[in-house]
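Take a look at the structure set out below.
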Amino acid sequence: MITLKEKIGYGFGDMASSMFWKLFGSYLMIFYTDVFGLPAAVVGTMFFITRIWDSITDPIVGVIADRTNTRWGKFRPYLLWLAIPFAVIGVFTFFTPGLGYTGKIVYAYITYSLMMLVYSGINVPYASLLGVMSPDPKERNTLSAYRMSFAYIGSFLALLLFMPMVNMFSEGSKEMADQQYEWLMGVVVIAVVCALLFYLCFLFTKERVKPIKEEQNPLKEDLKDLVQNKPWWIPLGAGIAALVFNSIRDGATVYYFKYFVVEENFGNITLLSIPFVLSGLYLAIGQAANIVGVVIAAPVSNWIGKKNTYMGAMALATLLSIIFYWFDKDQLVWIFIFQILISICAGSIFPLLWSMYADCADYSELKTGNRATGLIFSSSSMSQKFGWALGSAMTGWLLAYYGFQANEVQSAESIHGIRMFLSFFPAIGTVLSVFFISLYPLSEKKIKQVTTELEALRK
């Protein structure tokens with residue numbers, strides 16, 4: 001039985017990961033174009049190249065983690081070893097060096113590539129930890145719900161407080177050097193919190209599930225088992241499509257409020273003596289709504305099944321995203337209401353996906369006698385990073401296609417493109433995600449049978 005303390009501890013890990021993940025997804029693009037000083041097309045290409053490479057490293061990390069044996073287990077040690085590197089490299093990613101145009105491009109490629117590498121190094125073992133904390137599918141659903149709830153809480157806090165922290169460090173200055181400093185200091189605060197959360201996750205969690213055989217198969221056999229694991233391919237494709245949906249919406253949000261809504265005209269909104277900007281509130285409210293989606297995902301999926309819950313949520317998100325295009329910039333109430341509804345749908349699917357991956361690991365172990373949890377979760381993480389890479393790159397390329405110019409009044413064509421980023425473009429991802437999950441073969445009845453047979457083999 002997993003204790004409440006351990007559930008919360010497990011949630012702390014994704015809380016840390018998600019704080020930086022959301023900074024990357026929501027602010028890194030506009031940081032590179034409007035603060036760091038790179039063209040949108042260059043940033044889009046860099047995101048695509050570095051994230052594709054990073055996606056390839058995920059299975060490598062998974063293979064290494066599967067073969068790690070310490071007194072702390074296979075996966076927990078990476079939380080201990082990489083918490084500080086994660087925080088330090090994250091800070092350097094948001095540092096603007098005094099270099100020329102080419103030097104800045106090289107610096108951005110190096111620091112962002114290193115950040116993605118250390119992100120894989122700590123996040124793949126963390127994700128794999130779900131598969132060895134409990135063998136019970138329903139308990140895994142609960143752990144996934146805790147994980148995603150804390151992930152969205154972390155994202156909520158990061159998105160809500162990041163720009164107020166940035167503005168606090170700048171003291172209202174509009175000088176580019178001051179803006180570069182304020183962005184850096186805002187990230188420093190986030191980085192320190194993330195390192196602490198990873199340490200708490202390490203301290204509070206425990207690995208319990210042991211493989212039915214102690215010896216580790218050769219890598220060739222692990223890869224063969226993975227490729228032949230037919231159910232695993234389905235959430236893999238759905239994960240790519242879902243991250244395209246999420247990354248396009250997140251990456252374009254600040255552009256939407258800066259250039260279409262023109263949030264400067266509304267001034268800061270003060271709550272509890274803290275001045276917030278509209279884009280920050282929009283993103284933070286989305287994360288709060290994501291938490292609602294996570295909370296309802298477990299009971300609903302336990303009632304009607306993971307597959308039906310996933311398909312219903314993504315179908316509704318498709319419809320709502322398409323309607324979103326026709327909101328005018330002064331219809332803020334409707335913009336925020338639809339952000340809440342779409343985010344509830346988006347929040348409900350990710351705990352289901354991670355629980356499906358754990359089920360796929362059990363299915364593979366029963367069929368092959370080999371448990372490669374790290375490889376399965378890392379390959380799944382790879383798919384999500386590929387979707388993130390594709391969505392982020394498309395945002396940069398399409399901004400350039402629609403004629404976007406940083407820190408200038410935008411043309412009607414570029415405004416049209418920015419509006420498409422929060423409506424029709426992400427809807428393509430949701431439609432594809434529904435298609436993939438419609439093919440998922442592991443029902444609750446099937447997984448219960450798999451779990452029973454595995455328990456018998458382990459005993």
Side-chain angles (χ1 to χ4, degrees), residues 22-52 101 104-105 108 112 176 240-266 277-280 282-283 286 317-332 334-335 338-339 342 346 386-432:
K22 279 300 176 181
L23 286 186
F24 297 148
S26 301
Y27 288 112
L28 194 56
M29 172 69 77
I30 200 164
F31 168 76
Y32 278 133
T33 59
D34 290 28
V35 180
F36 195 86
L38 296 179
V42 171
V43 178
T45 301
M46 183 191 74
F47 280 169
F48 187 73
I49 293 173
T50 56
R51 288 175 180 173
I52 290 296
Y101 177 72
K104 282 187 174 182
I105 293 177
Y112 189 65
M176 186 55 67
I240 292 175
L243 261 294
V244 169
F245 160 73
N246 256 7
S247 60
I248 288 177
R249 289 188 78 242
D250 287 350
T253 290
V254 182
Y255 292 95
Y256 183 84
F257 278 90
K258 181 175 181 178
Y259 296 107
F260 173 59
V261 175
V262 191
E263 63 185 353
E264 280 190 356
N265 294 342
F266 294 87
V277 295
L278 278 176
S279 56
Y282 176 91
L283 289 166
T318 302
L319 177 63
L320 295 171
S321 295
I322 291 172
I323 295 173
F324 196 95
Y325 177 83
W326 280 278
F327 293 141
D328 201 0
K329 60 184 178 181
D330 59 351
Q331 294 180 288
L332 290 178
W334 283 109
I335 288 172
F338 269 61
Q339 164 71 339
I342 293 171
F386 180 79
W388 189 25
L390 188 59
S392 299
M394 286 173 58
T395 302
W397 295 334
L398 288 170
L399 279 171
Y401 172 79
Y402 283 110
F404 169 78
Q405 297 294 324
N407 299 312
E408 294 183 11
V409 176
Q410 304 302 312
S411 66
E413 182 72 5
S414 63
I415 291 297
H416 164 68
I418 289 171
R419 296 174 70 185
M420 291 284 285
F421 284 125
L422 270 75
S423 53
F424 282 92
F425 292 151
I428 295 172
T430 56
V431 169
L432 290 173

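Starting from 1, each residue takes its place in the sequence as its number. Just so it is clear, the structure is predicted and the values come from calculations on it, not from any experiment.
Residue pairs meeting the salt bridge (Lys or Arg N to Asp or Glu O under 4.0 Å) criterion with at least one partner in residues 32-46, sequence neighbours excluded, are D34-K258. For residues 408-417, the set of pairs meeting the salt bridge (Lys or Arg N to Asp or Glu O under 4.0 Å) definition, not counting sequence neighbours, is empty.
Classified by interplanar angle (parallel below 30°, tilted 30° to 60°, perpendicular above 60°), the ring pair Y259/F404 is perpendicular. By the 30° and 60° cut-offs, the orientation of the rings of F48 relative to W397 is tilted.
Between Y282 and I335 the shortest side-chain heavy-atom distance falls below 4.5 Å. At a threshold of 4.5 Å between non-hydrogen side-chain atoms, the residues V277 and F257 do not count as touching.
Scored by the side chain to side chain contact (heavy atoms under 4.5 Å, CB included) test, S321 finds F245, I342, A427 as partners (sequence neighbours excluded). Residues meeting the side chain to side chain contact (heavy atoms under 4.5 Å, CB included) test with V254, sequence neighbours left out: Y27, I30, L283. Residues satisfying the side chain to side chain contact (heavy atoms under 4.5 Å, CB included) test with D328, not counting sequence neighbours, are F260, D330, Q331. Remark: Y32 engages no residue in a side chain to side chain donor-acceptor pair (under 3.5 Å) (not counting sequence neighbours). Under the rule for a side chain to side chain donor-acceptor pair (under 3.5 Å), the partners of Y255 that lie at least two apart in sequence or sit in another chain are T33. Partners of I240 by side chain to side chain contact (heavy atoms under 4.5 Å, CB included), not counting sequence neighbours, listed by chain and number: S383, F386. Applying the side chain to side chain donor-acceptor pair (under 3.5 Å) test to N246 and every residue at least two apart in sequence or in another chain returns nothing. With sequence neighbours excluded, the residues satisfying side chain to side chain donor-acceptor pair (under 3.5 Å) with T430 are T318. Looking at residues two or more places apart in sequence or on another chain, you find a ring-ring contact (aromatic ring centres under 6.0 Å, His included) between F424 and Y325, W326. Evaluation of the ring-ring contact (aromatic ring centres under 6.0 Å, His included) rule for F338 yields F327 as partners, not counting sequence neighbours.
Formation of a donor-acceptor pair under 3.5 Å by the K104 side chain with backbone atoms of L38 is not found in this model.
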